[in-house]
2 protein chains.
Amino acid sequence: MAFPPFAVTVDLVVLTVRGDELCVLLVRRGEEPFLGRDALPGGFVRPDEGLAAAATRELAEETGLDVGHLEQLASYGDPDRDPRQRVVTVAHLALVPDQPVPTAGTDAAEARWVPVAQARDLAFDHDRVLADGVERARAKLEYTALATAFCGAEFTVAQLRRVYEVVWGRPLDPRNFHRKVTGTPGLLDPTGETTTRDGGRPAQLYRRGEAEQLHPPLLRADT
Amino acid sequence: MAFPPFAVTVDLVVLTVRGDELCVLLVRRGEEPFLGRDALPGGFVRPDEGLAAAATRELAEETGLDVGHLEQLASYGDPDRDPRQRVVTVAHLALVPDQPVPTAGTDAAEARWVPVAQARDLAFDHDRVLADGVERARAKLEYTALATAFCGAEFTVAQLRRVYEVVWGRPLDPRNFHRKVTGTPGLLDPTGETTTRDGGRPAQLYRRGEAEQLHPPLLRADT
DNA sequence: ACAAAAGTGTTAGGGGTACACCCATGG
DNA sequence: CCATGGGTGTACCCCTAACACTTTTGT
């Protein structure tokens with residue numbers, strides 16, 4: 001059977017919270033087209049692997065990061081999005097805890113964290129892919145337990161709150177936030193340990209609970 | 001450059017509300033593989049058209065339906081989802097008003113509405129695509145004005161409520177629903193006309209308003 | 001003692017649910 | 001007059017926002 005030949009790639013929007021900023025993992029392109037421009041990590045899907053498997057493999061190859069969460073974002077296939085040939089890319093969204101990019105990774109030498117506010121003029125249509133990924137992350141924090149994917153294995157309520165504040169770019173009331181997340185059954189799993197790493201009264205340490213959804217949701221203010 | 005060759009298709013989950021059931025548009029396959037089985041409508045993306053354009057074209061070719069809403073759903077690309085060759089499909093979700101399938105359409109002769117509860121054992125991985133599409137529709141009714149895409153140009157509050165009840169499979173309080181949707185600014189545009197087609201007191205007729213999002217959302221009960 | 005961060009109590013208000021009640025038409 | 005569906009009023013409840021206040025550490 002005749003069919004138009006396409007290349008299929010996966011691209012990755014890898015987000016993390018570093019300090020007070022939401023950052024995305026970018027690589028500098030070493031070849032045409034868009035040589036020298038920043039781009040999302042990604043690559044060709046192999047003939048015998050699925051889309052999710054390709055995304056997982058690329059993430060490991062290009063970054064070596066511990067991944068907290070990985071999901072399909074959307075597909076992009078404008079006929080002229082790659083000047084060389086017809087390429088359809090299946091973008092994925094990954095949320096990872098704050099960690100340095102391992103330089104030992106095979107292709108990771110050029111990977112680095114860039115604040116999303118400064119990530120512009122990316123190669124291909126990656127500006128739009130990134131914007132879609134950030135919007136997806138912002139929206140899913142409202143009604144899922146996804147924010148814990150940005151934290152390490154053990155974290156305090158304040159660290160989880162910082163994730164929300166950085167991703168949404170809006171301060172939250174610490175008291176109400178504390179009551180809300182500790183009151184949601186299955187969201188947080190107390191370890192019994194405490195920490196005082198941020199000064200002040202020691203805070204309880206928690207692990208992610210089993211809950212995936214937030215009922216009721218934690219809404220961004222409408223204003 | 002060498003790259004693994006893929007075929008790229010679009011598949012369509014076309015939903016409507018007919019009577020008391022949520023229905024999906026299916027076509028019977030006339031060739032191998034899965035000859036004689038039901039499948040979602042779809043086809044190959046052409047070399048010089050985008051993904052959304054391909055979905056729009058296929059929908060027109062295979063059904064000739066007036067489309068109320070069309071959006072990308074997700075992509076599916078397991079290596080063995082098509083026994084002939086490697087195929088990645090970009091599924092789209094379409095919501096349309098209740099209308100008969102035009103038999104004049106080119107490929108539409110075999111297209112027909114099937115209640116989603118009875119749509120099983122579809123070709124390829126279309127069972128899962130359909131399930132994902134139905135879940136997406138259910139979720140988006142909560143916080144968007146998408147339900148109006150199932151209605152004709154003019155509709156009553158009760159017809160809009162029926163959409164919610166059929167899609168969610170759960171009765172809603174007519175009084176509270178009425179207050180809620182008429183109280184959301186920009187959602188409904190009164191025509192000034194009334195109708196008595198369902199008996200009882202005449203109901204106001206409305207058109208879709210400009211609002212795309214529902215604030216506050218209309219939540220499915222947690223129970 | 002003081003600063004800083006964790007965590008609790010309390011109050012006022014918005015939106016949801018449940019349901020009593022009234023309105024307008026057909027038969 | 002009654003059945004049927006359209007539409008309004010209202011009481012209760014839960015959740016949220018706002019903020020006063022207490023607890024527990026480091027310096």
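Protein chains get the first letters and strands the later ones, always in sequence-line order, with residue 1 at the start of each.
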Residue met sooner reading DNA chain D from 5', once A/T196 and B/A203 are mapped to nucleotides: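 On the 5' side of the pair lies B/A203.
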Give the rounded distance in Å between these two atoms: [atom1] of [X] and [atom2] of [N].
X      : N      : atom1 : atom2 : answer
B/H215 : C/dG14 : NE2   : C1'   : 16 Å
B/L160 : D/dG6  : CG    : P     : 12 Å
B/F155 : D/dG6  : CZ    : C1'   : 16 Å
B/Q159 : D/dG6  : CD    : C1'   : 13 Å
A/R162 : C/dA5  : CZ    : P     : 10 Å
B/L172 : C/dA18 : CG    : C1'   : 14 Å
A/D173 : D/dA20 : CG    : P     : 11 Å
A/N176 : D/dA20 : CG    : P     : 13 Å

So, OP1 or OP2 of [N]: does either fall under 4.0 Å of a side-chain N or O from [X]?
X      : N      : result
B/K180 : C/dG16 : yes
B/H178 : D/dG7  : yes
A/R161 : C/dA6  : yes

Without hydrogens or angle criteria, can the side chains of B/H69 and B/E71 be said to hold a donor-acceptor pair below 3.5 Å?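 Yes - a donor-acceptor pair under 3.5 Å links their side chains.
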How about B/Y76 and B/D11: does a side-chain donor come under 3.5 Å of a side-chain acceptor?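 No donor-acceptor contact under 3.5 Å links the two side chains.
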Under 30°, 30 to 60°, or over 60°: which ring-plane class applies to B/Y164 and B/W168, parallel, tilted or perpendicular?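 Perpendicular.
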Which of these nucleotides, C/dG7, D/dG6, D/dA18, is closest to any side-chain atom of A/R179?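 Given the options C/dG7, D/dG6, D/dA18, the side chain of A/R179 is closest to D/dA18.
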Return the nearest nucleotide to the side chain of B/P216; candidates are C/dG15, D/dG9, D/dT16.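 Of C/dG15, D/dG9, D/dT16, C/dG15 is nearest to the side chain of B/P216.
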Between A/L40 and A/L12, does the side-chain contact (heavy atoms from CB on, under 4.5 Å) criterion hold? Intermediate values first, please. CA-CA 6 Å; A/L40 299 173; A/L12 288 153; 5.8 Å; no
Does B/R112 pair with B/D38 as a salt bridge, N-O distance under 4.0 Å?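 Salt bridge between B/R112 and B/D38, a charged N being under 4.0 Å from a carboxylate O: yes.
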Find out whether A/L95 and A/L93 are in side-chain contact, i.e. whether some heavy atom of one side chain is under 4.5 Å from a heavy atom of the other.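 A/L95 vs A/L93: side chains touch.
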Can you confirm whether A/F155 sits close enough to A/L188 that some side-chain heavy atom of one is under 4.5 Å from a side-chain heavy atom of the other?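 Yes, at least one pair of side-chain atoms sits under 4.5 Å.
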Nearest-nucleotide comparison on DNA chain C, the residue closer to the 5′ end among B/R175 and A/R201: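 Its nearest nucleotide being more 5', the pick is A/R201.
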Looking at five pairs on each end of the helix from C/dA1-D/dT27 to C/dG27-D/dC1, what is the angle between the two axes, given to 10 degrees?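 Taking the rotation axis at each end, their angle is 10°.
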